[in-house]
Amino acid sequence: MLTVGSVVLGVANVRRAAAFWTQALGYVPREEMTDDWVVLVPAQGAGVQLSLGLSETPVQEVPRVHLDLYAGDADDQAAEVERLVSLGARHVDWEHYPDDADFVVLADTEGNRFCVIDTGRD
């Protein structure tokens with residue numbers, strides 16, 4: 001049986017992306033980082049690894065795959081969005097929001113889009 005070992009993001013600057021994601025998720029490098037690759041793991045306990053690899057491929061405006069980061073409720077979501085933006089993320093003016101969206105679309109320092117989800121809704 002297979003399991004997901006790592007989610008891999010292509011980035012233009014591995015060190016800059018690693019600085020963002022380690023602060024955003026509380027992750028640490030699994031081994032010494034290079035200019036073209038790093039695997040980040042949770043600092044405390046188990047969880048999905050996040051691998052960052054050097055890429056020259058342009059960022060997709062509507063990516064086929066993205067990360068969903070879960071917040072506990074609307075207040076937690078707002079606080080996390082604010083924290084992530086202070087770390088270098090940016091809001092994405094995304095035209096596909098439903099009227100009652102439970103998610104906020106952000107982009108990391110490399111332009112990779114991800115969502116912060118309010119999981120407190122029924």
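Every value quoted in this text rests on a predicted model; they were computed, and no experiment measured them. Just so you know, these numbers use all the heavy atoms, side chains as well, and skip hydrogens, waters and symmetry mates.
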Should [X] and [Y] count as side-chain neighbours, where that means a heavy-atom distance under 4.5 Å?
{"X": "L9", "Y": "E110", "result": "no"}
{"X": "V14", "Y": "D35", "result": "no"}
{"X": "Y70", "Y": "D118", "result": "no"}
{"X": "I117", "Y": "L69", "result": "no"}
{"X": "L40", "Y": "L25", "result": "no"}
{"X": "W21", "Y": "T109", "result": "no"}
{"X": "H96", "Y": "V62", "result": "yes"}
{"X": "L106", "Y": "R90", "result": "no"}

Regarding D68 and H66, do their side chains bring together a donor and an acceptor under 3.5 Å, going by distance alone?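 There is such a pair (donor and acceptor under 3.5 Å, judged by atom type) between the side chains of D68 and H66.
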Output yes when a side-chain donor or acceptor of [X] lies under 3.5 Å from a complementary backbone atom of [Y], and no otherwise.
{"X": "N112", "Y": "G10", "result": "yes"}
{"X": "Q23", "Y": "L87", "result": "no"}
{"X": "Y97", "Y": "V104", "result": "no"}
{"X": "Q49", "Y": "V41", "result": "no"}
{"X": "Q77", "Y": "T119", "result": "no"}
{"X": "S51", "Y": "V39", "result": "no"}

Closest non-hydrogen atom pair, [X] against [Y]:
{"X": "P42", "Y": "G45", "answer": "CB-O, 3.6 Å"}
{"X": "A71", "Y": "V116", "answer": "CB-CG1, 4.3 Å"}
{"X": "F114", "Y": "A89", "answer": "CZ-CB, 4.2 Å"}

Should D100 and R121 count as an ion pair when the cut-off is N to O under 4.0 Å? yes
Measuring from [X]:[atom1] to [Y]:[atom2], what's the distance to the nearest 0.5 Å?
{"X": "H91", "Y": "L84", "atom1": "NE2", "atom2": "CG", "value": "9.5 Å"}
{"X": "D36", "Y": "S55", "atom1": "CG", "atom2": "OG", "value": "11.5 Å"}
{"X": "Q60", "Y": "R113", "atom1": "CD", "atom2": "CZ", "value": "10.0 Å"}
{"X": "L50", "Y": "L67", "atom1": "CG", "atom2": "CG", "value": "6.0 Å"}
{"X": "L52", "Y": "T34", "atom1": "CG", "atom2": "OG1", "value": "10.5 Å"}

Mind telling me whether F103 and W94 have parallel, tilted or perpendicular rings, with 30° and 60° as the class edges?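 Rings of W94 and F103: perpendicular, as their planes differ by over 60°.
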Please answer: with hydrophobic residues joined when any side-chain heavy atoms are less than 4.5 Å apart, are V8 and V59 in the same cluster?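 No, no single cluster joins them.
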For the pair V11 and F20, evaluate side-chain contact (heavy atoms from CB on, under 4.5 Å) and give the outcome as yes or no after the intermediate values. CA-CA 12 Å; V11 299; F20 173 79; over 6 Å; no
Looking at M33, R15, E31, which hits side chain to side chain contact (heavy atoms under 4.5 Å, CB included) with V38?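 Exactly one option meets the side chain to side chain contact (heavy atoms under 4.5 Å, CB included) with V38, and it is M33.
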